[in-house]
Every structure is written in C-alpha cells, then in structure tokens.
Student: 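Sending over a structure as structure tokens; questions will come in a sec.
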Amino acid sequence: MSVSDVGNVENRAKQSLGASGDHIYQMVARIIAQRHSQGGVLVDVGCGQGKLYSLVNNGFNRYLGVDAVRYDDLPTQIEFIPFDLDIGKVPLPEQVADVVCAVEVIEHLENPRALMRELVRLTKPGGLVIVTTPNNLSLLSKLTLILKNQFNAFQEAPGLYPAHITALLEIDLIRIFTECGLTNINIDYSYCGRIPFTPWHWPKSLGFRGRAFSDNILCVGQKLK
C-alpha cells in the first residue's frame with residue numbers, strides 16, 4: 001500500500017468494512033440503557049453500516065450518522081452526514097445530541113484529542129459521550145506486544161494497520177475525557193476476547209470477563225450541565 005493510501009481516510013474507512021463485532025455494539029447498548037433515559041437525539045460518529053442503530057433506536061427520537069463514506073447497508077432511517085473526521089468540525093450545530101457515540105473510530109484517526117473535543121461540542125449539557133476502541137491491555141494484546149513488539153489490533157495485517165493508526169490505553173482515554181471537561185467517567189469491557197494462540201474466545205460463563213479477557217473497551221463520560 002502506498003503512502004497516499006495510508007493517509008487517505010476514505011481508503012482506511014473502506015478497509016474497516018464499516019462494521020465491528022456484535023459484542024461491541026452490545027456493550028454500547030448496555031451502557032446507553034444504564035445511563036440514558038428514553039428520548040432525544042443520538043449522533044453516531046463513524047457510523048459505518050449503522051449496526052448500532054437496531055440495538056438502540058427505540059430509545060431515541062432522532063438518529064444521525066456521520067462517516068467519511070456511506071456504506072450500502074446503512075439503514076435508511078439514519079440521517080447521514082458525510083464528513084472526514086480528520087479535517088475539522090462536523091457540519092452539525094453545537095449541543096445537538098443527548099448521546100454521542102464513536103464506536104471503534106478513535107483508533108482510525110490522526111488526532112484523538114481533536115475528535116474528543118468535537119464529540120463534546122456536539123453533546124448537550126448533561127449528555128453522554130461514549131467511545132470504544134481495541135483493548136491494548138488484554139492478555140492477547142500484552143502477549144502480542146511481548147512476542148512481536150506490536151499491540152495485537154495494530155499489527156500490519158488486513159483490517160488492522162493502516163486502518164488502525166492510533167493505539168490508546170485506558171489511562172489515555174480517561175485523561176482525554178478529563179481534559180475535555182467530562183465527568184462521571186467510567187471504563188467498561190466487551191466481555192469478549194480471543195484466547196491467545198487459538199481461534200476461540202474466553203468463556204464468559206466461567207467468569208472470564210473484564211480487562212484481561214476483553215478485546216475491546218468503552219469509555220463513557222457526562223458533559224457538565
């Protein structure tokens with residue numbers, strides 16, 4: 001792949017195929033159900049194919065999706081706004097949303113702090129900002145780092161680098177959320193992680209949950225009223 005392809009956000013977006021694992025969307029839906037009352041507006045930044053929509057749309061009056069490309073499977077009910085998140089402000093007014101989500105987006109972008117400032121700008125006072133990203137502190141990722149000197153989700157492989165370019169740890173997310181003035185910040189986990197050196201996943205029924213056994217993490221914060 002050429003240098004120009006690596007730097008082209010549309011090419012990186014297409015490599016991601018516009019979708020993540022169901023367990024990631026279920027994690028987001030769980031947090032929304034816990035922390036948001038019914039109604040209002042959700043802005044799905046980096047909406048991809050709109051996989052989150054079917055899990056949460058009943059809880060909102062309006063659903064807006066932002067992405068660099070429009071994928072063919074995007075539900076027609078989503079109000080789509082085409083935009084390259086690496087170049088500036090989303091063409092939406094300030095404080096438009098009760099919940100703003102960026103599901104597996106931040107690792108694709110050049111400037112995570114710029115993204116967070118934009119998510120907060122779009123959020124109403126008292127609203128929620130939710131970000132998910134690969135968990136670089138899982139057992140799988142730590143072992144990959146030891147053996148290959150790379151985080152598991154940021155290796156040079158199809159669907160990873162150059163689609164994934166910005167690796168963040170839990171502490172990075174907490175610091176960025178705090179810098180952006182968010183409060184009630186919490187980390188959560190997908191409860192779905194691959195067992196190292198196998199194609200299988202840790203069995204949740206046996207208690208394999210949390211940071212070590214989750215391939216993805218979520219950070220949620222609330223904008224001050």
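Because only heavy atoms are used, hydrogens play no part in the values below, and waters and symmetry mates are left out as well, while side chains stay in. No experiment lies behind these values; they were computed from the predicted model shown.
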Student: Write out all pairs satisfying ring-ring contact (aromatic ring centres under 6.0 Å, His included) with one or both partners inside residues 110-159, taking only residues at least two apart or from two chains.
Tutor: F154-H164
Student: Check whether D84 reaches the backbone of A68 with its side chain - one donor and one acceptor, N or O, closer than 3.5 Å.
Tutor: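 No, because the side chain of D84 does not come within donor-acceptor range (under 3.5 Å) of the backbone of A68.
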Student: Counting only N and O atoms by type, is there a donor-acceptor contact under 3.5 Å from the side chain of N135 to the main-chain atoms of R211?
Tutor: yes
Student: Is I217 linked to L145 within one hydrophobic cluster, defined over Ile, Leu, Val, Met, Phe, Trp and Tyr using a side-chain heavy-atom separation of less than 4.5 Å?
Tutor: no
Student: Who are the salt bridge (charged side-chain N to carboxylate O under 4.0 Å, His left out) partners of R194, not counting sequence neighbours?
Tutor: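 Salt bridge (charged side-chain N to carboxylate O under 4.0 Å, His left out) check on R194 returns nothing, list empty.
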Student: Which side-chain N or O atoms in residues 112-128 pair as donor and acceptor under 3.5 Å with protein atoms at least two apart or in another chain?
Tutor:
from, atom 1, to, atom 2, distance (Å)
R113, NE, E179, OE1, 2.8
R113, NH2, E179, OE2, 3.2
E118, OE1, R121, NE, 2.9
E118, OE2, V90, N, 2.6
E118, OE2, R121, NE, 3.3
E118, OE2, R121, NH2, 2.8
R121, NH1, L92, O, 3.1
R121, NH2, V90, O, 3.0
R121, NH2, L92, O, 3.1
T123, OG1, L119, O, 2.7
K124, NZ, D98, OD2, 3.4

Student: In the structure I gave you, are the side-chain heavy atoms of P91 and I81 within less than 4.5 Å of one another anywhere?
Tutor: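 The answer is yes, as the side chains (C-beta and beyond) meet within the 4.5 Å cut-off.
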Student: Going by distance alone, is a donor N or O of one side chain under 3.5 Å from an acceptor N or O of the other, for T133 and E107?
Tutor: yes
Student: Under 4.5 Å between any side-chain heavy atoms of I171 and L173, yes or no?
Tutor: no
Student: For residues 26-48, which residue pairs qualify under side-chain hydrogen bond (donor to acceptor under 3.5 Å, both in side chains), counting only residues two or more places apart or in two chains?
Tutor: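 Counting only pairs at least two positions apart or across chains, the side-chain hydrogen bond (donor to acceptor under 3.5 Å, both in side chains) contacts touching residues 26-48 are R30-D188, R35-N186, D44-Y63.
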Student: I'd like to know if the side chain of E104 pairs up with that of Y25 as donor and acceptor (distance under 3.5 Å, no hydrogens or angles considered).
Tutor: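 No pair is found: no donor N or O on one side chain lies under 3.5 Å from an acceptor on the other.
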Student: Name the atoms and distances for all side-chain donor-acceptor pairs under 3.5 Å in residues 199-208, with sequence neighbours left out.
Tutor:
none

Student: How about V28 and I31: do any of their side-chain heavy atoms sit closer than 4.5 Å?
Tutor: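 No - every pair of side-chain heavy atoms lies 4.5 Å or more apart.
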Student: So which pairs with a foot in residues 143-156 pass salt bridge (Lys or Arg N to Asp or Glu O under 4.0 Å), sequence neighbours left out?
Tutor: none
